[in-house]
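Only this structure's heavy atoms are used, side chains among them; waters, hydrogens and symmetry mates stay out. Labels below follow one simple rule: chain letters A, B, ... track the order of the sequence lines, proteins then strands, and each chain is numbered from 1.
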There are 2 protein chains.
Amino acid sequence: MRKMQNLSKNQQIIFDLIDKSPEPLKAYSILFNVQKRGIKAPLQVYRALDKLVEIGKIHKIESRNAFIACQNSSCQISKATAFSICESCEKVTEINNSNLSKYLTGFKDKNGMKYNKYNLEFFGLCKKCISKKS
Amino acid sequence: MRKMQNLSKNQQIIFDLIDKSPEPLKAYSILFNVQKRGIKAPLQVYRALDKLVEIGKIHKIESRNAFIACQNSSCQISKATAFSICESCEKVTEINNSNLSKYLTGFKDKNGMKYNKYNLEFFGLCKKCISKKS
DNA sequence: TTACAAAATGTTATATTATAACAATTTAAC
DNA sequence: GTTAAATTGTTATAATATAACATTTTGTAA
Ligand SMILES: [Zn+2]
Ligand SMILES: [Zn+2]
Ligand SMILES: [Zn+2]
Ligand SMILES: [Zn+2]
(Lines give C-alpha, C1' and ligand atoms only; values in the text may rest on other atoms or scores of the structure.)
(Ligands and ions follow the chains in the order given, each with its own letter.)
Protein backbone atom coordinates (compact mmCIF):
# COMPACT_ATOMS: atom_id res chain seq x y z
CA MET A 1 0.00 0.00 0.00
CA ARG A 2 1.42 3.31 -1.07
CA LYS A 3 1.53 6.05 1.49
CA MET A 4 -0.94 8.82 0.83
CA GLN A 5 0.87 11.86 -0.41
CA ASN A 6 -0.24 14.92 1.45
CA LEU A 7 0.27 17.97 -0.63
CA SER A 8 1.91 21.05 0.77
CA LYS A 9 0.07 24.35 0.80
CA ASN A 10 1.35 25.64 -2.51
CA GLN A 11 1.05 22.25 -4.15
CA GLN A 12 -2.58 21.96 -3.03
CA ILE A 13 -3.50 25.43 -4.25
CA ILE A 14 -2.00 24.79 -7.64
CA PHE A 15 -3.34 21.27 -7.96
CA ASP A 16 -6.86 22.45 -7.14
CA LEU A 17 -6.66 25.08 -9.84
CA ILE A 18 -5.46 22.63 -12.47
CA ASP A 19 -7.86 19.93 -11.37
CA LYS A 20 -10.94 22.06 -11.83
CA SER A 21 -9.79 23.55 -15.11
CA PRO A 22 -11.46 22.11 -18.22
CA GLU A 23 -8.31 22.74 -20.21
CA PRO A 24 -4.56 22.50 -19.70
CA LEU A 25 -3.09 25.47 -17.87
CA LYS A 26 0.19 27.22 -18.56
CA ALA A 27 2.57 28.12 -15.79
CA TYR A 28 2.16 31.87 -16.00
CA SER A 29 -1.58 31.59 -16.28
CA ILE A 30 -1.47 29.56 -13.07
CA LEU A 31 0.74 32.20 -11.48
CA PHE A 32 -1.74 34.93 -12.38
CA ASN A 33 -4.60 32.90 -10.92
CA VAL A 34 -2.97 32.12 -7.60
CA GLN A 35 -1.48 35.50 -6.81
CA LYS A 36 -4.48 36.35 -4.68
CA ARG A 37 -3.64 33.28 -2.63
CA GLY A 38 -0.13 34.44 -1.85
CA ILE A 39 1.91 32.74 -4.53
CA LYS A 40 3.81 35.57 -6.11
CA ALA A 41 6.79 34.21 -7.97
CA PRO A 42 7.22 31.92 -10.99
CA LEU A 43 9.54 29.69 -9.05
CA GLN A 44 6.88 28.90 -6.49
CA VAL A 45 4.64 27.74 -9.32
CA TYR A 46 7.32 25.75 -11.10
CA ARG A 47 8.39 24.01 -7.92
CA ALA A 48 4.86 22.91 -7.17
CA LEU A 49 4.38 21.81 -10.78
CA ASP A 50 7.58 19.78 -10.71
CA LYS A 51 6.48 17.98 -7.57
CA LEU A 52 2.95 17.36 -8.83
CA VAL A 53 4.33 15.92 -12.05
CA GLU A 54 6.78 13.78 -10.11
CA ILE A 55 4.06 12.21 -7.97
CA GLY A 56 1.73 11.79 -10.94
CA LYS A 57 -1.06 14.13 -9.89
CA ILE A 58 -0.64 16.18 -13.05
CA HIS A 59 0.99 15.72 -16.44
CA LYS A 60 2.79 18.13 -18.70
CA ILE A 61 1.51 18.35 -22.25
CA GLU A 62 4.90 18.79 -23.84
CA SER A 63 3.75 20.13 -27.17
CA ARG A 64 1.79 22.86 -25.40
CA ASN A 65 3.89 23.63 -22.36
CA ALA A 66 0.77 23.18 -20.30
CA PHE A 67 -0.41 21.08 -17.39
CA ILE A 68 -3.44 18.88 -16.89
CA ALA A 69 -4.67 16.87 -13.90
CA CYS A 70 -4.27 13.12 -14.18
CA GLN A 71 -7.52 11.40 -15.13
CA ASN A 72 -6.32 7.91 -14.32
CA SER A 73 -6.03 7.56 -10.53
CA SER A 74 -2.55 8.98 -10.69
CA CYS A 75 -0.59 6.09 -9.23
CA GLN A 76 1.64 4.33 -11.69
CA ILE A 77 0.52 5.73 -14.94
CA SER A 78 2.59 8.88 -14.84
CA LYS A 79 5.32 6.87 -16.52
CA ALA A 80 3.04 5.84 -19.35
CA THR A 81 1.07 8.78 -20.63
CA ALA A 82 -1.00 9.29 -23.76
CA PHE A 83 -3.08 12.26 -24.77
CA SER A 84 -5.37 13.30 -27.56
CA ILE A 85 -5.16 16.91 -28.61
CA CYS A 86 -7.60 18.72 -30.88
CA GLU A 87 -5.65 21.08 -33.08
CA SER A 88 -8.69 23.24 -33.63
CA CYS A 89 -10.15 23.85 -30.14
CA GLU A 90 -7.09 22.65 -28.19
CA LYS A 91 -9.15 20.27 -26.09
CA VAL A 92 -6.86 17.73 -24.45
CA THR A 93 -7.90 14.37 -23.06
CA GLU A 94 -5.84 11.75 -21.31
CA ILE A 95 -6.18 8.44 -23.08
CA ASN A 96 -6.82 5.47 -20.83
CA ASN A 97 -6.60 2.45 -23.06
CA SER A 98 -5.11 -0.70 -21.65
CA ASN A 99 -4.42 -2.21 -25.06
CA LEU A 100 -2.38 0.84 -26.00
CA SER A 101 -0.53 1.02 -22.71
CA LYS A 102 0.26 -2.69 -22.80
CA TYR A 103 1.56 -2.40 -26.33
CA LEU A 104 3.79 0.56 -25.51
CA THR A 105 4.97 -0.63 -22.12
CA GLY A 106 6.00 -3.89 -23.75
CA PHE A 107 7.59 -2.25 -26.75
CA LYS A 108 11.18 -3.30 -27.42
CA ASP A 109 13.24 -1.74 -30.14
CA LYS A 110 16.21 -3.37 -31.77
CA ASN A 111 18.55 -0.77 -30.27
CA GLY A 112 18.75 -2.53 -26.92
CA MET A 113 17.45 0.36 -24.90
CA LYS A 114 15.67 -0.26 -21.65
CA TYR A 115 12.63 1.97 -21.48
CA ASN A 116 11.01 2.98 -18.24
CA LYS A 117 8.71 5.73 -19.44
CA TYR A 118 6.91 7.05 -22.48
CA ASN A 119 4.77 9.96 -23.51
CA LEU A 120 2.50 9.90 -26.54
CA GLU A 121 0.55 12.78 -28.01
CA PHE A 122 -2.05 12.28 -30.74
CA PHE A 123 -3.19 15.27 -32.77
CA GLY A 124 -6.35 15.67 -34.78
CA LEU A 125 -9.86 17.01 -34.65
CA CYS A 126 -12.38 16.30 -31.93
CA LYS A 127 -15.97 15.36 -32.70
CA LYS A 128 -17.25 18.88 -32.19
CA CYS A 129 -14.66 20.44 -34.44
CA ILE A 130 -15.25 17.85 -37.15
CA SER A 131 -18.98 18.60 -37.23
CA LYS A 132 -18.42 22.35 -37.22
CA LYS A 133 -16.54 22.04 -40.47
CA SER A 134 -19.29 20.20 -42.35
CA MET B 1 6.32 11.78 -57.27
CA ARG B 2 6.83 14.54 -54.79
CA LYS B 3 8.67 17.58 -55.99
CA MET B 4 12.16 17.87 -54.58
CA GLN B 5 12.20 20.61 -52.01
CA ASN B 6 15.04 22.97 -52.59
CA LEU B 7 16.02 24.56 -49.38
CA SER B 8 16.67 28.26 -49.14
CA LYS B 9 20.03 29.56 -48.01
CA ASN B 10 19.21 29.83 -44.33
CA GLN B 11 17.29 26.59 -44.33
CA GLN B 12 20.23 24.80 -45.93
CA ILE B 13 22.76 26.21 -43.50
CA ILE B 14 20.67 25.22 -40.53
CA PHE B 15 19.72 21.83 -41.90
CA ASP B 16 23.37 20.99 -42.61
CA LEU B 17 24.30 21.86 -39.05
CA ILE B 18 21.54 19.73 -37.56
CA ASP B 19 22.12 16.89 -39.98
CA LYS B 20 25.76 16.47 -39.10
CA SER B 21 25.20 16.82 -35.38
CA PRO B 22 25.31 13.58 -33.40
CA GLU B 23 22.81 15.00 -30.94
CA PRO B 24 19.71 17.16 -31.00
CA LEU B 25 20.46 20.86 -31.21
CA LYS B 26 18.70 23.69 -29.43
CA ALA B 27 17.68 26.82 -31.24
CA TYR B 28 20.10 29.18 -29.54
CA SER B 29 22.93 26.72 -29.89
CA ILE B 30 22.16 26.66 -33.60
CA LEU B 31 22.11 30.46 -33.63
CA PHE B 32 25.51 30.61 -32.00
CA ASN B 33 26.90 28.12 -34.52
CA VAL B 34 25.64 29.87 -37.63
CA GLN B 35 26.46 33.45 -36.72
CA LYS B 36 29.71 33.19 -38.66
CA ARG B 37 27.60 32.35 -41.69
CA GLY B 38 25.52 35.50 -41.46
CA ILE B 39 22.52 34.37 -39.50
CA LYS B 40 22.34 36.82 -36.65
CA ALA B 41 18.86 36.76 -35.16
CA PRO B 42 16.75 34.16 -33.36
CA LEU B 43 13.90 34.70 -35.73
CA GLN B 44 16.00 33.66 -38.69
CA VAL B 45 16.73 30.41 -36.93
CA TYR B 46 13.16 29.78 -35.81
CA ARG B 47 11.78 30.48 -39.28
CA ALA B 48 14.12 27.99 -40.85
CA LEU B 49 13.36 25.45 -38.13
CA ASP B 50 9.61 25.87 -38.63
CA LYS B 51 9.95 25.26 -42.34
CA LEU B 52 12.27 22.28 -41.93
CA VAL B 53 9.87 20.71 -39.45
CA GLU B 54 6.96 21.40 -41.78
CA ILE B 55 8.56 19.61 -44.70
CA GLY B 56 9.78 16.77 -42.51
CA LYS B 57 13.53 17.27 -42.85
CA ILE B 58 13.89 17.66 -39.10
CA HIS B 59 11.82 16.86 -36.04
CA LYS B 60 11.41 18.67 -32.77
CA ILE B 61 12.07 16.61 -29.64
CA GLU B 62 9.34 18.21 -27.57
CA SER B 63 10.58 17.13 -24.17
CA ARG B 64 13.97 18.68 -24.88
CA ASN B 65 13.13 21.69 -27.03
CA ALA B 66 15.70 20.45 -29.49
CA PHE B 67 15.87 19.48 -33.13
CA ILE B 68 17.15 16.38 -34.90
CA ALA B 69 17.43 15.51 -38.58
CA CYS B 70 14.94 12.95 -39.85
CA GLN B 71 16.45 9.49 -40.14
CA ASN B 72 13.61 8.02 -42.15
CA SER B 73 13.75 9.51 -45.65
CA SER B 74 11.70 12.44 -44.45
CA CYS B 75 8.70 12.13 -46.73
CA GLN B 76 5.51 11.18 -44.97
CA ILE B 77 6.74 10.16 -41.62
CA SER B 78 6.85 13.59 -40.08
CA LYS B 79 3.25 13.05 -39.02
CA ALA B 80 4.12 9.82 -37.24
CA THR B 81 7.21 10.25 -35.13
CA ALA B 82 8.75 8.15 -32.39
CA PHE B 83 11.99 8.65 -30.52
CA SER B 84 14.05 6.92 -27.91
CA ILE B 85 15.78 9.17 -25.42
CA CYS B 86 18.47 8.14 -22.98
CA GLU B 87 17.94 10.01 -19.75
CA SER B 88 21.55 9.58 -18.77
CA CYS B 89 23.55 10.64 -21.85
CA GLU B 90 20.68 12.32 -23.69
CA LYS B 91 21.29 10.34 -26.84
CA VAL B 92 18.21 10.51 -29.05
CA THR B 93 17.35 8.10 -31.85
CA GLU B 94 14.43 8.14 -34.22
CA ILE B 95 12.57 4.87 -34.06
CA ASN B 96 11.71 3.33 -37.40
CA ASN B 97 9.50 0.38 -36.63
CA SER B 98 6.69 -0.41 -39.02
CA ASN B 99 4.81 -2.51 -36.48
CA LEU B 100 4.75 0.43 -34.09
CA SER B 101 3.80 2.97 -36.71
CA LYS B 102 1.04 0.76 -38.06
CA TYR B 103 -0.33 0.23 -34.59
CA LEU B 104 -0.34 3.93 -33.78
CA THR B 105 -1.51 5.16 -37.16
CA GLY B 106 -4.42 2.77 -36.91
CA PHE B 107 -5.18 3.59 -33.31
CA LYS B 108 -8.79 4.60 -32.64
CA ASP B 109 -9.95 5.73 -29.26
CA LYS B 110 -13.50 5.59 -28.06
CA ASN B 111 -13.73 9.38 -28.00
CA GLY B 112 -14.42 9.65 -31.72
CA MET B 113 -11.45 11.80 -32.50
CA LYS B 114 -9.91 11.71 -35.94
CA TYR B 115 -6.14 11.63 -35.57
CA ASN B 116 -3.81 12.77 -38.31
CA LYS B 117 -0.56 12.94 -36.41
CA TYR B 118 1.24 11.59 -33.38
CA ASN B 119 4.49 12.00 -31.54
CA LEU B 120 5.88 9.42 -29.16
CA GLU B 121 8.89 9.74 -26.90
CA PHE B 122 10.33 6.78 -25.02
CA PHE B 123 12.68 7.40 -22.10
CA GLY B 124 15.18 5.06 -20.57
CA LEU B 125 18.81 4.07 -20.60
CA CYS B 126 20.83 3.26 -23.68
CA LYS B 127 23.11 0.22 -23.86
CA LYS B 128 26.23 2.23 -23.05
CA CYS B 129 24.70 3.86 -20.02
CA ILE B 130 23.33 0.57 -18.73
CA SER B 131 26.76 -1.04 -18.85
CA LYS B 132 28.46 1.96 -17.22
CA LYS B 133 26.30 1.45 -14.16
CA SER B 134 27.19 -2.19 -13.62
C1' DT C 1 11.45 17.07 23.15
C1' DT C 2 15.25 18.00 21.22
C1' DA C 3 18.14 17.58 17.54
C1' DC C 4 18.81 16.58 12.94
C1' DA C 5 17.74 16.07 8.03
C1' DA C 6 14.66 16.66 4.37
C1' DA C 7 11.29 19.21 2.18
C1' DA C 8 9.10 23.32 1.20
C1' DT C 9 8.93 28.28 0.98
C1' DG C 10 10.20 33.18 -0.11
C1' DT C 11 12.69 36.39 -2.92
C1' DT C 12 15.52 38.63 -6.44
C1' DA C 13 17.67 38.16 -10.47
C1' DT C 14 18.60 36.02 -14.71
C1' DA C 15 18.63 32.45 -18.37
C1' DT C 16 16.29 30.22 -22.11
C1' DT C 17 12.85 29.68 -25.61
C1' DA C 18 9.88 31.87 -28.89
C1' DT C 19 7.04 35.44 -31.39
C1' DA C 20 5.30 40.31 -32.97
C1' DA C 21 5.73 43.81 -36.21
C1' DC C 22 7.39 45.87 -40.19
C1' DA C 23 10.45 46.60 -44.24
C1' DA C 24 13.15 44.80 -47.93
C1' DT C 25 14.70 41.26 -51.09
C1' DT C 26 14.64 37.04 -53.63
C1' DT C 27 12.26 33.38 -56.06
C1' DA C 28 9.02 31.28 -58.94
C1' DA C 29 5.05 31.33 -61.85
C1' DC C 30 2.29 33.43 -65.41
C1' DG D 1 8.39 41.79 -67.35
C1' DT D 2 4.76 41.70 -63.81
C1' DT D 3 3.02 39.89 -59.95
C1' DA D 4 2.40 36.92 -55.89
C1' DA D 5 4.56 34.06 -52.66
C1' DA D 6 8.33 32.95 -50.02
C1' DT D 7 12.29 34.27 -47.74
C1' DT D 8 15.24 37.42 -45.42
C1' DG D 9 16.70 41.21 -42.28
C1' DT D 10 16.11 43.78 -38.04
C1' DT D 11 14.57 45.52 -33.55
C1' DA D 12 11.96 44.75 -29.83
C1' DT D 13 9.42 42.02 -26.70
C1' DA D 14 6.73 38.01 -24.95
C1' DA D 15 6.64 33.57 -22.80
C1' DT D 16 8.83 29.81 -20.45
C1' DA D 17 12.03 28.28 -16.99
C1' DT D 18 16.04 28.12 -13.68
C1' DA D 19 20.08 29.89 -10.49
C1' DA D 20 21.35 31.26 -6.11
C1' DC D 21 20.70 32.04 -1.49
C1' DA D 22 18.19 32.69 2.89
C1' DT D 23 14.53 31.05 5.82
C1' DT D 24 10.86 28.17 7.58
C1' DT D 25 8.26 24.04 8.14
C1' DT D 26 7.85 19.16 8.54
C1' DG D 27 9.04 14.55 9.48
C1' DT D 28 12.09 11.24 11.96
C1' DA D 29 14.55 9.28 15.37
C1' DA D 30 17.84 9.52 19.31
ZN1 LIG E 1 -2.56 10.28 -15.81
ZN1 LIG F 1 -11.93 20.43 -31.11
ZN1 LIG G 1 11.68 11.24 -39.33
ZN1 LIG H 1 22.93 6.81 -22.64
Side-chain angles (χ1 to χ4, degrees), chain A residues 2-18 21 23-68 85 87 90 92 119 121, chain B residues 2-18 21 23-68 85 87 90 92 119 121:
Chain A
R2 189 164 175 276
K3 189 191 165 193
M4 181 60 184
Q5 284 279 359
N6 287 310
L7 300 181
S8 73
K9 178 172 133 286
N10 289 0
Q11 289 159 16
Q12 190 70 56
I13 290 170
I14 287 172
F15 175 71
D16 288 344
L17 183 69
I18 296 173
S21 169
E23 62 197 358
L25 295 179
K26 303 193 142 220
Y28 277 73
S29 149
I30 292 168
L31 175 58
F32 180 81
N33 274 281
V34 296
Q35 276 177 333
K36 64 189 79 122
R37 307 201 57 186
I39 296 175
K40 291 178 196 144
L43 200 43
Q44 294 174 289
V45 173
Y46 280 104
R47 283 195 288 223
L49 290 173
D50 284 350
K51 189 68 184 184
L52 291 167
V53 166
E54 182 192 327
I55 65 179
K57 300 280 288 180
I58 66 171
H59 303 301
K60 183 174 187 180
I61 310 300
E62 292 286 356
S63 66
R64 300 297 186 263
N65 297 319
F67 299 85
I68 189 175
I85 302 170
E87 290 182 302
E90 292 293 325
V92 174
N119 180 57
E121 298 181 2
Chain B
R2 187 163 176 278
K3 188 191 165 193
M4 181 59 186
Q5 284 279 1
N6 287 310
L7 300 180
S8 74
K9 178 171 133 285
N10 289 1
Q11 288 159 15
Q12 190 70 57
I13 291 171
I14 287 172
F15 175 72
D16 288 344
L17 183 68
I18 295 172
S21 169
E23 62 198 358
L25 295 179
K26 303 193 141 221
Y28 277 72
S29 150
I30 292 167
L31 175 58
F32 179 80
N33 274 279
V34 297
Q35 277 177 332
K36 64 189 80 121
R37 305 200 58 185
I39 295 175
K40 291 175 197 147
L43 200 43
Q44 294 174 289
V45 172
Y46 280 104
R47 283 195 288 223
L49 290 173
D50 285 350
K51 189 69 184 185
L52 291 167
V53 167
E54 183 192 326
I55 64 180
K57 299 280 288 182
I58 65 172
H59 304 301
K60 183 174 186 180
I61 309 301
E62 293 286 355
S63 65
R64 299 298 187 263
N65 297 319
F67 299 86
I68 189 176
I85 302 171
E87 289 182 302
E90 293 293 325
V92 174
N119 180 57
E121 298 181 1

Which side-chain N or O atoms in residues 27-47 of chain A pair as donor and acceptor under 3.5 Å with protein atoms at least two apart or in another chain?
residue: A:N33; atom: ND2; partner: A:S29; partner atom: O; Å: 2.8
residue: A:Q44; atom: OE1; partner: A:K40; partner atom: N; Å: 2.9
residue: A:Q44; atom: OE1; partner: A:A41; partner atom: N; Å: 2.9

Which whole-number value in Å describes the distance from [X] [atom1] to [N] [atom2]?
X     : N      : atom1 : atom2 : answer
B:I61 : C:dT17 : CD1   : C1'   : 16 Å
A:N6  : D:dT25 : CG    : P     : 18 Å
A:F32 : D:dA14 : CZ    : C1'   : 16 Å
A:I39 : C:dT11 : CD1   : C1'   : 14 Å
A:Q12 : D:dT26 : CD    : C1'   : 16 Å
A:K9  : C:dA8  : NZ    : C1'   : 10 Å
B:L31 : C:dT19 : CG    : C1'   : 15 Å
B:I13 : D:dT7  : CD1   : P     : 14 Å

Under-4.0 Å side-chain N/O to phosphate OP1/OP2 contact, [X] with [N]:
X     : N      : result
A:Q44 : C:dT9  : no
A:S8  : D:dT25 : no
B:K51 : D:dT7  : yes
B:K40 : D:dG9  : no

| request: Applying side chain to side chain donor-acceptor pair (under 3.5 Å), name anything that partners B:E23, two or more places apart in sequence or on another chain. | output: none
Listing, residues 7-16 of chain A side-chain donor-acceptor contacts under 3.5 Å, not counting sequence neighbours, or none:
residue: A:S8; atom: OG; partner: A:Q11; partner atom: N; Å: 3.4
residue: A:S8; atom: OG; partner: A:Q11; partner atom: OE1; Å: 3.4
residue: A:S8; atom: OG; partner: A:Q11; partner atom: NE2; Å: 3.4
residue: A:Q11; atom: OE1; partner: A:S8; partner atom: N; Å: 3.0
residue: A:Q12; atom: NE2; partner: A:D16; partner atom: OD1; Å: 3.0

| message | Out of the candidates B:V53, B:L17, B:L25, only one should pair with B:F67 under the side chain to side chain contact (heavy atoms under 4.5 Å, CB included) rule; please name it. | response | B:V53
| Bending between helix ends of the helix from C:dT1-D:dA30 to C:dC30-D:dG1 [5 pairs per end, 10° resolution] | 50°
Give every donor-acceptor pair under 3.5 Å between a side-chain atom in residues 58-66 of chain A and any protein atom, sequence neighbours left out.
residue: A:H59; atom: NE2; partner: A:E94; partner atom: OE2; Å: 3.1
residue: A:S63; atom: OG; partner: A:E121; partner atom: OE1; Å: 2.7
residue: A:R64; atom: NE; partner: A:E90; partner atom: OE1; Å: 2.6
residue: A:R64; atom: NH2; partner: A:E90; partner atom: OE2; Å: 3.4

| note | Quick tally for nucleotides 16-22 of chain D: nucleotides whose base has a protein heavy atom under 4.0 Å get B, sugar-phosphate-only ones S, the rest -, giving BBBBB--
| remark: Winner on side-chain proximity to B:N10, out of C:dT11, C:dT9, D:dT8, is D:dT8
